[in-house]
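The structure appears right after this line, and notes come after that.
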Amino acid sequence: RKAPLGIDDFRPDPVSLALVQTTDMENLGSMLRSAAAFGIKQILIDDKSVDPFSRRAMRVSMGAALGMRFLALPDPEQDLRLLGSRGVVSLAATLAPDSLSVAEFSASDDPVLIVMGNEADGLPLELQTASTQRVRIPMGCTTNRNSMVDSLNVSVAAAILMHELTQRS
């Protein structure tokens, strides 16, 4: 197994994925599988997340982890700020009511990094602040905004964001 690359090895791919404090192997594996489906090959991952090469994550990803380019995020807050200074637009996935709907996000030619958090607690506020923009997926159908569901599973939310953003690039 190769050691993860460092933050200085970040490539300006159109869309990349960052996983922070992702502690469920199945969710992590599902996000890697979705990333592969949408052509995303660069994954940034912190040391609080589960091992993407664990048996369960590997199985759920259908082996997609083997084709990914992993970069370590030893200090996610500082690393997001560093990437921002290099022209990377980081999008923090959040449920915050003052966040921007992903449909309203205006993509540029700059590389985009989708930042996903923990299944139970979401993305820590300091990482939302360190990100370029906070985005959310609107809940409820277009005819009835009174949805009984207030959030999505992290891997489902990541897949929606990856789909939305790779279609624009």
Side-chain angles (χ1 to χ4, degrees), residues 1-5 7 9-46 48-73 76 79-80 83 88-95 99-120 122-123 127 131-142 147 149 151-169:
R1 172 194 304 207
K2 294 179 187 176
L5 300 168
I7 199 69
D9 296 306
F10 183 87
R11 287 192 311 219
D13 291 352
V15 180
S16 299
L17 178 65
L19 305 176
V20 178
Q21 299 177 11
T22 304
T23 57
D24 184 277
M25 289 181 217
E26 292 177 351
N27 282 332
L28 190 134
S30 181
M31 286 188 275
L32 295 180
R33 182 176 175 180
S34 295
F38 298 120
I40 297 170
K41 298 285 186 197
Q42 185 166 240
I43 310 296
L44 289 73
I45 190 165
D46 75 338
K48 293 181 182 173
S49 293
V50 297
D51 180 3
F53 297 106
S54 67
R55 182 173 182 229
R56 188 70 185 142
M58 191 67 98
R59 182 173 178 212
V60 173
S61 80
M62 293 184 60
L66 296 172
M68 298 292 173
R69 184 171 193 267
F70 288 98
L71 281 71
L73 281 176
D79 294 336
L80 288 176
L83 290 173
V88 177
V89 177
S90 55
L91 300 179
T94 181
L95 296 173
S99 60
L100 185 67
S101 165
V102 68
E104 298 170 336
F105 171 71
S106 178
S108 64
D109 290 336
D110 295 326
V112 172
L113 176 64
I114 303 168
V115 186
M116 300 302 297
N118 180 276
E119 298 82 358
L123 199 57
L127 296 182
S131 295
T132 310
Q133 181 70 52
R134 298 183 321 151
V135 295
R136 72 180 180 287
I137 299 168
M139 295 292 160
C141 69
T142 55
S147 174
V149 176
S151 67
L152 296 169
N153 170 281
V154 68
S155 65
V156 171
I160 291 169
L161 291 171
M162 287 186 276
H163 175 267
E164 180 75 23
L165 294 165
T166 56
Q167 297 307 303
R168 297 177 187 189
S169 58

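Residues: numbered from 1 along the sequence shown.
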Taking all non-hydrogen atoms of both residues into account, name the closest pair between [X] and [Y] and its distance.
X	Y	answer
Asp79	Ala72	OD2-O, 4.4 Å
Pro52	Ala65	O-CB, 3.6 Å
Gly117	Thr22	O-OG1, 3.7 Å
Leu165	Phe105	CD2-CD2, 3.8 Å

Can you find a heavy atom in the side chain of [X] that is under 4.5 Å from one in the side chain of [Y]?
X	Y	result
Asp13	Pro111	no
Asp24	Val50	no
Ile114	Met162	yes
Val135	Glu104	no
Phe10	Leu5	no

Residues which pass salt bridge (Lys or Arg N to Asp or Glu O under 4.0 Å) with Asp110, listed by chain and number, not counting sequence neighbours: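 Once residues adjacent in sequence are excluded, Asp110 has no partner under the salt bridge (Lys or Arg N to Asp or Glu O under 4.0 Å) criterion.
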
Has Asp46 got a side-chain atom pairing as donor or acceptor with Gln21's backbone, closer than 3.5 angstrom?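 Yes, the answer is positive, given that a donor and an acceptor are paired below the 3.5 Å cut-off.
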
Nearest 0.5 Å please: distance from the [atom1] atom of [X] over to the [atom2] atom of [Y].
X	Y	atom1	atom2	answer
Leu80	Ser90	CG	OG	5.0 Å
Leu71	Leu83	CG	CG	8.5 Å
Leu28	Met116	CG	CE	11.5 Å
Ser61	Met25	OG	CE	13.0 Å
Thr94	Leu127	OG1	CG	11.0 Å
Leu17	Phe70	CG	CZ	9.5 Å

List the steps, then state whether side-chain contact (heavy atoms from CB on, under 4.5 Å) holds for Thr23 with Asn118. CA-CA 7 Å; Thr23 57; Asn118 180 276; 3.4 Å; yes

Verify side-chain contact (heavy atoms from CB on, under 4.5 Å) between Leu91 and Val102, making sure each step is shown before the conclusion. CA-CA 9 Å; Leu91 300 179; Val102 68; 5.6 Å; no

Identify every side-chain donor-acceptor pair in residues 29-45 under 3.5 Å, counting partners at least two apart or on other chains, and give the distances.
| unit_1 | atom_1 | unit_2 | atom_2 | d |
| --- | --- | --- | --- | --- |
| Ser34 | OG | Ser30 | O | 3.2 |
| Gln42 | OE1 | Arg11 | N | 2.9 |
| Gln42 | OE1 | Arg69 | NH1 | 2.7 |
| Gln42 | NE2 | Arg11 | O | 2.9 |
| Gln42 | NE2 | Ser16 | OG | 2.9 |

